[in-house]
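Single-structure report; data block below.
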Amino acid sequence: MPLITTDLLQAKSAYAGLELRALAAQQNAVTLQATVDHLSSIHADLIDSVRLQGAFTATQVATNGTLTANQAGAVSPDLTLDNFIAALGLSIALAEATMPDRSINSVSATVQSFLTFAPGPDGTTPVPGLRLYQPELGASTALATTSFDLAKTTPAPGVPAPRSLYTVLQSMQTVFADPFWGKFTSGTPPVGPAQQIVAETVKVFAAIGGWSFSYILQEASTFASLQTTLAGLISGVTPAGPVAAFTASVAALTTLVQSLAARTLHVAGDLFALASALDAATNLAEAILP
């Protein structure tokens with residue numbers, strides 16, 4: 001089509017085509033601007049997302065560190081292996097103490113648990129411990145098996161075996177039930193310590209199904225207190241030698257009870273020591289009887 005024409009229809013047609021192109025260009029410009037605006041919005045959202053993700057990652061690192069520390073604490077021992085063995089030995093000794101004519105010479109045990117370590121008393125040396133199984137700590141197939149044997153140490157040749165606590169209490173009941181002790185009383189109204197000792201042994205036997213070391217220690221303290229009162233009442237009784245020996249044995253029993261009460265961890269040997277101290281005081285009390 002010529003650029004210059006005298007034909008009105010041709011000029012009108014050319015102008016219409018140009019106007020269409022202008023409108024198309026304008027529409028394309030609008031579309032392009034909308035696309036640019038959309039891309040700008042996406043870019044801004046992406047920047048915000050990256051910023052939030054970075055902040056979340058920084059927070060999660062700290063959270064993961066805390067969780068790791070908590071998990072390390074979760075797998076710390078419930079109790080050390082030596083404390084577990086000591087507690088088991090004391091339980092066996094308490095069971096044996098309830099039997100007047102039986103003894104438990106050895107015990108074998110097998111425990112399945114996680115084996116972990118904790119700082120020892122010096123804060124450095126690792127001490128093996130047991131962590132009882134919990135599902136959140138891992139698969140049960142990861143449990144370790146620990147086996148050990150406990151055996152009672154036999155007395156040296158010629159040394160009599162110590163009597164069980166049951167037998168010691170029976171002997172105490174018999175000795176202090178003797179009428180000889182009835183004349184020794186204290187307080188108002190007067191009460192006989194020997195009769196109180198007998199009553200206390202009856203109480204201990206009645207609770208035999210629930211014996212624990214703390215209970216035995218409490219009762220030993222009661223016996224020591226009553227025998228201390230009795231020792232003061234018989235201070236002038238003859239023969240003086242047996243009385244002095246009885247008084248000394250009661251003092252030794254009191255000291256033992258106080259030392260054991262000051263500790264939090266007890267072992268089978270502590271129960272045997274209590275039984276022996278009670279037995280010694282009872283035997284010396286029997287020596288005073290006419």
Side-chain angles (χ1 to χ4, degrees), residues 89-105 152-181 184 192-208 210-234 237 239-261 263 266-290:
L90 180 56
S91 297
I92 295 169
L94 282 166
E96 184 183 63
T98 65
M99 300 182 291
D101 57 351
R102 297 287 187 276
S103 64
I104 302 174
N105 295 320
K152 185 187 295 182
T153 303
T154 57
V159 177
R163 298 198 293 176
S164 71
L165 181 61
Y166 191 103
T167 305
V168 170
L169 292 174
Q170 282 183 320
S171 179
M172 187 186 302
Q173 195 175 50
T174 300
V175 169
F176 289 105
D178 192 283
F180 168 79
W181 305 105
F184 301 105
Q195 286 74 26
Q196 289 179 296
I197 292 173
V198 173
E200 199 67 23
T201 60
V202 173
K203 172 184 170 183
V204 175
F205 279 128
I208 195 170
W211 279 7
S212 65
F213 185 80
S214 59
Y215 175 75
I216 296 300
L217 184 59
Q218 176 185 340
E219 289 302 317
S221 177
T222 301
F223 287 130
S225 177
L226 292 172
Q227 292 182 19
T228 298
T229 300
L230 188 59
L233 294 174
I234 65 173
V237 173
V243 171
F246 171 69
T247 301
S249 69
V250 171
L253 171 61
T254 301
T255 300
L256 175 62
V257 169
Q258 291 172 345
S259 66
L260 293 179
R263 287 165 36 196
H266 300 99
V267 296
D270 297 331
L271 180 62
F272 296 146
L274 272 181
S276 295
L278 288 167
D279 198 22
T282 300
N283 291 335
L284 292 170
E286 186 176 18
I288 299 173
L289 296 177

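Values below: all heavy atoms of this structure, side chains included; hydrogens, waters and symmetry mates excluded.
For the atom pair Thr255 OG1 and Leu260 CG, the distance stands at 11.0 Å (nearest 0.5 Å). A distance of 8.0 Å separates OG1 of Thr167 from CG of Asp101, quoted to the nearest 0.5 Å. Note that CZ of Phe223 is 9.5 Å distant from CZ of Phe176, once rounded to the nearest 0.5 Å. Taken from CG in Leu94 to OH in Tyr215, the straight-line distance is 12.5 Å, to the nearest 0.5 Å. Rounding to the nearest 0.5 Å gives a distance of 11.0 Å between CZ of Phe184 and CD of Gln195. Atoms CD and OG, on Gln170 and Ser164 in that order, are 7.5 Å from each other to the nearest 0.5 Å.
Checked by atom type and distance alone, the side chain of Trp181 never pairs as donor or acceptor with a backbone atom of Pro193 at under 3.5 Å. Using a distance-only test at 3.5 Å, with no hydrogens or angles considered, a donor-acceptor pair links the side chain of Trp211 to the main chain of Val204. Proximity of a side-chain donor or acceptor of Ser276 to a complementary backbone N or O of Phe272 within less than 3.5 Å is detected. Ser225 places no side-chain N or O within donor-acceptor distance of the main-chain N or O of Thr222, the cut-off being under 3.5 Å. For the pair Asp270 (side chain) and Val267 (backbone), a donor-acceptor distance under 3.5 Å is present. Thr247 places a side-chain N or O within 3.5 Å of a backbone atom of Val243 that can act as its donor or acceptor partner.
Nearest approach of Thr228 to Thr254, heavy atoms of both residues: OG1-OG1, 3.7 Å. When all heavy atoms of Gln227 and Leu253 are compared, the pair lying nearest together is OE1-CD2, 4.2 Å. Nearest approach of Gln196 to Leu226, heavy atoms of both residues: OE1-CD2, 3.4 Å. Nearest heavy-atom pair, Leu284 versus Ala245, reported as atom, atom and distance to 0.1 Å: CD1-O, 3.4 Å. For the residue pair Pro100 and Tyr166, the shortest heavy atom distance occurs at CB-CD2, 3.2 Å. In plain terms, the two heavy atoms of Ala287 and Pro242 that are nearest each other are O-CB, 4.2 Å.
Screening Leu278, Asn283, Leu274 for a side chain to side chain contact (heavy atoms under 4.5 Å, CB included) involving Val168 leaves a single residue, Leu278.
Counting heavy atoms from C-beta outward, Ile288 and Phe180 have side chains that approach closer than 4.5 Å.
With sequence neighbours excluded, the residues that form a side-chain contact (heavy atoms from CB on, under 4.5 Å) with Ile104 are Ile92, Ala95, Glu96, Met99, Val107.
In Arg263, the CZ atom is crowded: over 12 heavy atoms of neighbouring residues, nucleotides or ligands sit closer than 6.0 Å.
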